[in-house]
Every structure is written in structure tokens, then in C-alpha cells.
Amino acid sequence: GFRGWAAVMMARDKGLARRLLLVQLAVTLAIGLMLLPLGSKHAFSGLAGGMIALIANGFFATRVFAPYRAQQLERMVGSFYGAELGTLILTGLLFAGAFLWIRPLSAVALFGGFLVIQVLSPLAAHFLE
């Protein structure tokens, strides 16, 4: 996921970031639907995993695309590192929340949904350019 966002950030293309988040949302919803035949536990867990990745990536995108001027290059680099750290913390908190509050939970579906969205990001960014 973060490599895909790095490519988007290099281009500083907010439109591409929005399209990438929409693709991630569509795939997250598709994950939930595809897992539905296995039961609501798996469908909801897969949906939650995809949403964790989507929320974290949305946070990252909003932080990275904060306005800056060319003279403030160090601010842009700082916002990238701050966004990366914030995304990792947010992801950890969202996973902790999922394990605390989602009952019953399928850990395989949760992590699988998250992984699909994270792997999708660099691939989708390449095709959406």
C-alpha cells in the first residue's frame, strides 16, 4: 500500500489519489460480497480488513497532500514521514479495535482483506496513471 502511495506522492496528483481510494473502496466492498457465501463472520471480517487499509491510506493521502510551497521542501518531506508514522499507528489501533469489538471474527479474512487492499495500491496506481 505505501509504495503505491509513494508513487502517487511523487506525482503529487490529488486526482490520482482520489481515484485510487475509490478503487480501494470498490474492492473492499467486493471482498465483503465475495466472502458472503462463507458466512457473515468472514464477510464482515474481510470488509473490516479492507476498511482498515482504506482508512489508513485515506489518512496518509490527506497528510501527504497538505498544501505546501516549493520553498518548503523540508515540510513536504516531514509530512511524508509524519504521515507514514501516523498511518502505522492508526493501522495498529484499528486492528486492535477490530480484535476487541468484532465478534465473531475471522482473523484470516480480516488480514486477507487488509492485504488485498495493500497489494492492490501499487498495482492500481500504475494502471490509473
So, taking the atom named CG in Leu25 and the one named CG in Leu21, what distance separates them when rounded to the nearest 0.5 Å? 9.0 Å
Going by side-chain heavy atoms closer than 4.5 Å, which hydrophobic residues are tied to Leu93, directly or by a chain of links? Leu85, Ile89
When Ile, Leu, Val, Met, Phe, Trp and Tyr are grouped by side-chain heavy atoms lying under 4.5 Å apart, directly or through other members, which residues fall in the same group as Leu100? Trp101
Check side chain to side chain contact (heavy atoms under 4.5 Å, CB included) between Val27 and all other residues, then give those that pass, not counting sequence neighbours. Val23, Ile31, Val116, Ile117, Leu120
Scanning both residues in full, the closest heavy-atom pair of Pro104 with Ile102 reads O-CG2, 3.6 Å
For the residue pair Phe114 and Phe95, categorise the inter-ring angle as parallel (less than 30°), tilted (30 to 60°) or perpendicular (more than 60°). perpendicular
Could I get the full list of ring pair (Phe, Tyr, Trp, His ring centres under 6.0 Å) partners for Phe59, not counting sequence neighbours? none
Side chain proximity check, Leu110 to Phe99, heavy atoms < 4.5 angstrom: yes
Between Gly32 and Ala43, the two heavy atoms sitting closest are O-CB, 3.3 Å
Can you give me every donor-acceptor pair (side chain of residues 44-55, partner residue at least two apart or in another chain, under 3.5 Å) with its distance?
residue: Ser45; atom: OG; partner: Lys41; partner atom: O; Å: 2.8
residue: Ser45; atom: OG; partner: Ser106; partner atom: N; Å: 2.9

Taking side chain to side chain contact (heavy atoms under 4.5 Å, CB included) as the definition, give me every residue that meets it alongside Leu38, ordered by chain and number, with sequence neighbours left out. Leu35, His42
Is any side-chain heavy atom of Thr87 closer than 4.5 Å to a side-chain heavy atom of Thr91? yes
